[in-house]
Amino acid sequence: MKFKALIIKTIKLLWLEISIVTKSMRLDSGLSQCELGKRLLPSVNESTISAWEEGKEPIPVYQFIMICFVCGFTSEKKAKQQLKNQRTDKK
């Protein structure tokens with residue numbers, strides 16, 4: 001029984017973290033909730049994005065992957081290369 005409670009708690013924490021990451025990616029990309037919702041396939045309304053970001057509703061995995069693509073989420077390797085390029089451009 002304690003194991004089941006631990007799993008549930010872990011899932012809830014992961015769900016909350018995904019909500020935080022989703023909002024952060026959207027803000028970093030400069031999109032409003034409405035704009036992001038329109039770019040997803042299938043599209044969703046602003047209230048759905050809000051519920052996801054507030055952790056009130058779970059984000060379907062396929063939608064989270066779409067959010068990553070729409071917001072320009074990059075791999076760590078690519079992100080490091082972009083930072084390196086930015087540093088050399090400033091010199």
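The shortest distance between side-chain heavy atoms of Leu36 and Cys71 falls below 4.5 Å.
For CD of Gln33, the number of neighbouring non-hydrogen atoms (other residues, nucleotides, ligands) closer than 6.0 Å is greater than 12.
To the nearest 0.5 Å, the span separating NZ on Lys56 from CH2 on Trp15 amounts to 11.5 Å. Taking SG of Cys34 as the reference point, atom CG of Asn45 lies at 8.5 Å (rounded to 0.5 Å). A distance of 11.5 Å separates CD of Glu54 from CG of Leu16, quoted to the nearest 0.5 Å. Atoms NZ and CG, on Lys9 and Leu14 in that order, are 14.0 Å from each other to the nearest 0.5 Å. Interatomic distance, Arg39 CZ to Ser29 OG, rounded to the nearest 0.5 Å: 7.5 Å. Note that the CD1 atom of Ile49 and the CD1 atom of Ile59 stand 7.5 Å from one another [nearest 0.5 Å].
The side chain to side chain contact (heavy atoms under 4.5 Å, CB included) with Gln63 is formed by just one residue from the set Leu40, Val70, Thr48; it is Leu40.
Listed here is the closest heavy atom pair of Ser19 and Gly55: OG-CA, 3.4 Å. Closest approach of Trp52 and Pro60 over heavy atoms only: CZ2-CD, 3.6 Å. Closest heavy-atom contact between Met25 and Phe64: CE-CE1, 3.9 Å. Closest of all the heavy-atom pairs between Pro42 and Tyr62 is CD-CE1, 4.0 Å. Nearest approach of Glu35 to Gly30, heavy atoms of both residues: OE1-O, 3.9 Å. Residues Leu41 and Met66 approach most closely at N-CE, 3.8 Å, considering heavy atoms.
Glu46 and Ser50 form no side-chain donor-acceptor contact under 3.5 Å, judged by distance and modelled atom types alone.
When hydrophobic side chains of Ile, Leu, Val, Met, Phe, Trp and Tyr are connected at separations under 4.5 Å, Phe3 ends up clustered with Ile7, Ile11. In this structure, Leu6 shares a hydrophobic cluster with no other residue, the cluster being traced through Ile, Leu, Val, Met, Phe, Trp and Tyr side chains under 4.5 angstrom apart. Grouped by direct or indirect side-chain proximity (heavy atoms under 4.5 Å, Ile/Leu/Val/Met/Phe/Trp/Tyr only), Val61 sits with Ile65, Phe69.
Between the Thr22 side chain and the Ile18 main chain, a donor and an acceptor come within less than 3.5 Å of each other.
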